[in-house]
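Here, residue 1 is the first one in the sequence, and each next residue gets the next number. Source: prediction; values computed, not measured.
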Amino acid sequence: SNYRKYYVTVSCNRAADEYNEFGKAAFFGGRVEAYQIGKISNKDINVYDVNSLYPAVMNEAEIGTGKYWKIKSNDNEKMLKFIEKINFGIAYIVYDDDNHIPILAERVNGKLLFQKGIKAGWYSVPEIKYIIESGGEIKIEEIIYAEKEIKVFEFFIRKFYRLRKSLSDFDAFYKTILVSLYGKFAQGREHSIITNNEEDIKGIIESSIKVVTDRVHFKIVNYLSDE
């Protein structure tokens with residue numbers, strides 16, 4: 001991609017398939033909730049908005065690269081102390097989320113929900129640290145972490161944010177560029193191609209084999225039939 005070609009100034013390694021699957025399990029979408037529904041009167045209401053939230057996170061976040069390791073221990077104190085030392089990583093945890101406004105998300109029948117109750121699964125280190133800092137009791141069973149933590153997006157984000165601020169007529173364009181990169185790195189690595197032409201698919205297969213991807217799925221679908 002153009003991003004990798006022109007804007008990656010550090011060496012980045014792809015995690016093994018197993019670790020990547022755990023990482024996807026710990027990655028959730030944005031949270032939008034209505035904590036109170038109805039008419040609010042005789043109250044002052046404050047509205048807060050973070051300017052360029054996704055780019056801001058990408059600019060400051062340190063992303064793991066190099067080798068990845070997984071540790072597992074029944075010594076919860078040891079695991080809690082280890083979590084304090086890292087910024088990027090994921091862990092398999094068990095946590096009783098009985099907060100008035102639950103902290104952790106879970107996927108239920110294809111939907112993202114924030115419910116009270118015991119949750120067990122893979123979650124990110126920042127989420128886990130927030131729970132610990134808030135006084136929550138948590139059981140950590142496994143941790144996956146990287147050899148190095150570096151800011152891989154900083155150069156790209158700073159360049160396009162400066163362009164966005166200096167060229168106001170193209171504000172929407174540069175905003176889209178900045179936000180799209182965040183989504184691109186959250187994109188799944190599976191690719192599906194649907195075609196009804198058996199001859200054309202040969203060329204697609206030959207070209208796709210050269211692409212660095214984990215899985216390429218091909219399905220021939222006949223929309224019209226002589227039968």
With rounding to the nearest 0.5 angstrom, report the [atom1] to [atom2] distance, [X] to [Y].
X      : Y      : atom1 : atom2 : value
Ile71  : Phe82  : CD1   : CZ    : 4.0 Å
Leu163 : Phe170 : CG    : CZ    : 10.5 Å
Asn20  : Phe27  : CG    : CZ    : 12.0 Å
Glu154 : Met58  : CD    : CE    : 12.0 Å

Side-chain donor-acceptor contacts of residues 120-128 below 3.5 Å, not counting sequence neighbours, with atom names and distances?
residue: Tyr123; atom: OH; partner: Ala105; partner atom: O; Å: 2.7
residue: Ser124; atom: OG; partner: Glu127; partner atom: OE1; Å: 3.0
residue: Glu127; atom: OE1; partner: Ser124; partner atom: N; Å: 3.1

Return yes if some donor-acceptor pair links the side-chain N/O of [X] with the main-chain N/O of [Y] below 3.5 Å, else return no.
X      : Y      : result
Ser73  : Asp75  : yes
Asn76  : Lys139 : no
Lys119 : Asp97  : no

Note to self: Taking salt bridge (Lys or Arg N to Asp or Glu O under 4.0 Å) as the definition, give me every residue that meets it alongside Glu62, ordered by chain and number, with sequence neighbours left out.
What the structure shows: none

Between [X] and [Y], what is the shortest heavy-atom contact and its length?
X      : Y      : result
Arg31  : Ile101 : NH2-CG2, 3.3 Å
Gly64  : Ala146 : CA-CB, 3.5 Å
Phe155 : Tyr6   : CE2-O, 4.1 Å

Check: Restricting to pairs with a member in residues 101-117, which pass side-chain hydrogen bond (donor to acceptor under 3.5 Å, both in side chains), not counting sequence neighbours?
Finding: Glu106-Gln115

[Y] reachable from [X] in the ILVMFWY side-chain graph, under 4.5 Å edges:
X      : Y      : result
Ile157 : Phe173 : yes
Ile140 : Tyr68  : no
Val179 : Ile63  : yes
Ile103 : Val57  : no

Checklist line | side chain to side chain contact (heavy atoms under 4.5 Å, CB included) assessment of Lys70 paired with Phe22 | finding: CA-CA 11 Å; Lys70 180 167 67 172; Phe22 293 148; 4.0 Å; yes

Table please: side-chain donor-acceptor pairs of residues 83-96 below 3.5 Å, with sequence neighbours left out.
residue: Asn87; atom: OD1; partner: Lys129; partner atom: NZ; Å: 3.3
residue: Asn87; atom: ND2; partner: Glu149; partner atom: OE1; Å: 3.4
residue: Tyr95; atom: OH; partner: Asn99; partner atom: ND2; Å: 3.0

Checklist line | Glu141 bridged to Lys72 by N-O distance under 4.0 Å | finding: no

Margin query: Between Tyr7 and Phe160, is the ring centroid distance below 6.0 Å?
Written below: yes

[X] atom [atom1], over 12 foreign heavy atoms within 6.0 Å:
X      : atom1 : result
Leu113 : CG    : yes
Glu33  : CD    : yes
Lys151 : NZ    : yes

Checklist line | Working for side chain to side chain contact (heavy atoms under 4.5 Å, CB included), residues Ile132 and Leu80 | finding: CA-CA 9 Å; Ile132 296 171; Leu80 289 169; 3.7 Å; yes

Margin query: Clusters formed by hydrophobic residues whose side-chain heavy atoms approach within less than 4.5 Å: which one holds Ile37, and what are its other members?
Written below: none

Notebook entry, point to check: Within a strict 4.5 Å, meaning less than it, do heavy atoms of the Ile177 and Phe156 side chains meet?
Noted result: yes

Which side-chain N or O atoms in residues 40-56 pair as donor and acceptor under 3.5 Å with protein atoms at least two apart or in another chain?
residue: Asn51; atom: ND2; partner: Tyr161; partner atom: OH; Å: 2.7
residue: Ser52; atom: OG; partner: Arg164; partner atom: NH1; Å: 2.7

